Amino acid sequence: MSPLPSGLLGDLDPTSDRAVFRQIADQLREAIDRGRFHEGDKLPSEADLVDHYGVSRMTVRNSFSILQGEGLVHAEHGKGVFVRPRPPVRRLASDRFARRHREQGKSAFIVEADAAGSHPQVDSLEVKEEKASPDVSARLGSVRRVLARRRRYLLDGRPVEFATSFLPLDIARGTQIAEPNPGPGGIYARLEELGHRLDHFEEEIRARMPSPAEVKTLRLASGVPVIHLIRTAFDGEGRAVEVCDTVMAADAYVLSYQLPAT
């Protein structure tokens, strides 16, 4: 077994009160932060680290677990532990719903996928009428029933978000919005064709750990949080015409905003 390259990782501090496995995790994290290991690089094996630090395999595994919990690395069975790639999609809030994209027949997701150089897909699509939850009802002006559109978005075959749009039935029922494929430009283009010219959006964003169902749907690795975003779309008359509840894999996105200085 060859020793690790000089300077790649340091030595343990026997005088420190910090647990050995945490010291090892600290050194691996620093090596990643300093660019000694790049995105997709394989970290030294358990055997390499056991030999380098003179510790047990369980100690090394505990160190890897810390980094996995932080979302810095992921393990591939039988292959090793790898540095997790940085988010591939930049979600530019000030541009993603620009009218020019709808006029070009592109939804916001397709615009972002094009910018990332990725292949977009949509699956797990469900469209149905249902009773509005109290929260959705309040956001849409006390409606009782809504059209719900549920779909999962993938980039290059990887699930990155799951979204549900809720629309008032008096707007959506019997229109192309109620079809599995709403057509070029998505449901926002159809809303504008129906006379609901979009004026502005309000978004609420929070980060949290995923539910078991979300882990399964988005195929999330251990330690990866989600971004939970609720967006309400308003037309020029001030009416809320859609509520979109979206859960995104946090390791797949960078949320980018441009804010006025005044």
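Bear in mind that the values here come from a model prediction, so they are computed numbers and not experimental data. Index from 1, following the sequence.
Val224 and Val254 fall into different hydrophobic clusters, defined by Ile, Leu, Val, Met, Phe, Trp and Tyr side-chain heavy atoms under 4.5 Å apart, directly or through other members. Cluster annotation: Val226 is not connected to Tyr253 through the hydrophobic network of ILVMFWY side chains, with a link wherever side-chain heavy atoms come within less than 4.5 Å. Hydrophobic clustering, with ILVMFWY side chains joined whenever heavy atoms are under 4.5 angstrom apart, keeps Ile187 apart from Phe162. Hydrophobic clustering keeps Met248 apart from Leu154 (ILVMFWY residues linked when any side-chain heavy atoms are closer than 4.5 Å, directly or through intermediates).
Residues Leu218 and Val160 share a closest heavy-atom pair of CD2-C, 3.9 Å. The shortest heavy-atom contact between Ala252 and Arg158 is CB-NH1, 4.0 Å. When all heavy atoms of Ala178 and Ala172 are compared, the closest pair comes out as CB-O, 3.9 Å. In plain terms, the two heavy atoms of Asp13 and Gln23 that are nearest each other are N-OE1, 2.8 Å. Looking at every heavy atom in both residues, Leu12 comes nearest to Gln27 through N-NE2, 4.2 Å. Heavy atoms only, all atoms of each residue included: Val215 and Pro210 are closest at CG2-CG, 3.6 Å.
Side-chain contact between Arg22 and Ile66: present, with at least one pair of heavy atoms (C-beta onward) separated by less than 4.5 Å. Looking at heavy atoms from C-beta onward, Ile227 lies out of side-chain contact with Val247 at the 4.5 angstrom threshold. Using a 4.5 Å heavy-atom cutoff, the side chains of Asp11 and Tyr53 are not in contact. Pro44 is listed as a side-chain neighbour of Phe37, based on a closest heavy-atom distance under 4.5 Å. Residues Val73 and Phe82 form no side-chain contact, since every pair of their non-hydrogen atoms from C-beta on lies 4.5 Å or further apart.
The one candidate from Leu49, Val81, Leu28 that meets the side chain to side chain contact (heavy atoms under 4.5 Å, CB included) condition with Val60 is Leu49.
Residues meeting the salt bridge (charged side-chain N to carboxylate O under 4.0 Å, His left out) test with Glu30, sequence neighbours left out: Arg34. When the side chain to side chain donor-acceptor pair (under 3.5 Å) test is applied to Asp123, the partners found at least two apart in sequence or on another chain are Arg152. For the ring-ring contact (aromatic ring centres under 6.0 Å, His included) test, residues two or more places apart in sequence or in another chain that qualify with His200 are Phe234. In this structure Glu126 satisfies the side chain to side chain donor-acceptor pair (under 3.5 Å) test together with Arg150, sequence neighbours excluded. Partners of Arg29 under the side chain to side chain donor-acceptor pair (under 3.5 Å) rule, at least two apart in sequence or in another chain, are Asp26, Glu70. Residues meeting the side chain to side chain donor-acceptor pair (under 3.5 Å) test with Ser142, sequence neighbours left out: none. Every salt bridge (charged side-chain N to carboxylate O under 4.0 Å, His left out) that Arg190 has, sequence neighbours left out, goes to Glu193.
Panel note: side chain Ser63, backbone Phe21; a donor-acceptor pair is recorded below 3.5 Å. In this structure a side-chain-to-backbone donor-acceptor pair under 3.5 Å is missing from Glu203 to Thr232. At least one donor-acceptor pair under 3.5 Å links the side chain of Arg36 to the backbone N or O of Leu8. Looking at Lys79, its side chain never comes within 3.5 Å of a backbone N or O of Lys42 through a donor-acceptor pair. Between the Glu192 side chain and the Leu198 main chain, a donor and an acceptor come within less than 3.5 Å of each other. Remark: the backbone N or O of Arg231 is not paired with any side-chain donor or acceptor of Glu202 at under 3.5 angstrom. Under the 3.5 Å distance criterion, the side-chain polar atoms of Arg149 are matched with a main-chain donor or acceptor of Ile177.
A salt bridge links Arg208 with Glu214; the closest basic N to acidic carboxylate O contact falls under 4.0 Å.
Here Leu155 contributes atom CG and Glu161 contributes atom CD; the two are 8.0 Å apart, rounded to the nearest 0.5 Å. If you take OG on Ser165 and OH on Tyr188, they are separated by 6.0 Å, rounding to the nearest 0.5 Å. Here the CG atom belonging to Asp33 is positioned 7.0 Å from the CG atom belonging to Leu72, to the nearest 0.5 angstrom. Arg145 contributes atom CZ, which lies 9.5 Å from atom NZ of Lys131 (distance to the nearest 0.5 angstrom). Here Ile24 contributes atom CD1 and His52 contributes atom NE2; the two are 8.5 Å apart, rounded to the nearest 0.5 Å. To the nearest 0.5 Å, atom OG of residue Ser56 and atom CG of residue Asn62 are 7.5 Å apart.
Side-chain contact check for Ser133 and Asp135: no donor-acceptor pair (N or O, by modelled atom type) lies under 3.5 Å. With no hydrogens or angles considered, a side-chain donor-acceptor pair links Asp48 and Ser45 at under 3.5 Å. Inspection of the Thr164 and Arg151 side chains reveals no N or O donor paired with an N or O acceptor under 3.5 Å.
Judged as a side-chain hydrogen bond (donor to acceptor under 3.5 Å, both in side chains), the pairs with a partner in residues 171-187 (not counting sequence neighbours) are, in order, Glu129-Arg173. Legend: salt bridge (Lys or Arg N to Asp or Glu O under 4.0 Å) pairs involving residues 55-65, not counting sequence neighbours, sorted by first then second residue: Glu46-Arg57, Glu46-Arg61. Within the structure, salt bridge (Lys or Arg N to Asp or Glu O under 4.0 Å) pairs that include any residue of residues 234-249 comprise Asp170-Arg239 (at least two apart or interchain).
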Report task. Evaluate side chain to side chain contact (heavy atoms under 4.5 Å, CB included) for Ile205 paired with His228, printing each intermediate quantity in order. Result -> CA-CA 6 Å; Ile205 303 172; His228 188 185; over 6 Å; no
Requested in this report: Show your working on side chain to side chain contact (heavy atoms under 4.5 Å, CB included) between Glu204 and Leu229 and close with a plain yes or no.
Outcome: CA-CA 6 Å; Glu204 299 175 8; Leu229 183 151; over 6 Å; no
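The hydrophobic cluster containing Met209, built from Ile/Leu/Val/Met/Phe/Trp/Tyr side-chain heavy atoms closer than 4.5 Å, comprises no other residue. Residue Val136 is found in a hydrophobic cluster whose other members, listed by chain and number, are Leu140, Val143, Val146, Phe166, Ile230, Val243; membership requires side-chain heavy atoms under 4.5 Å apart, directly or through intermediates.
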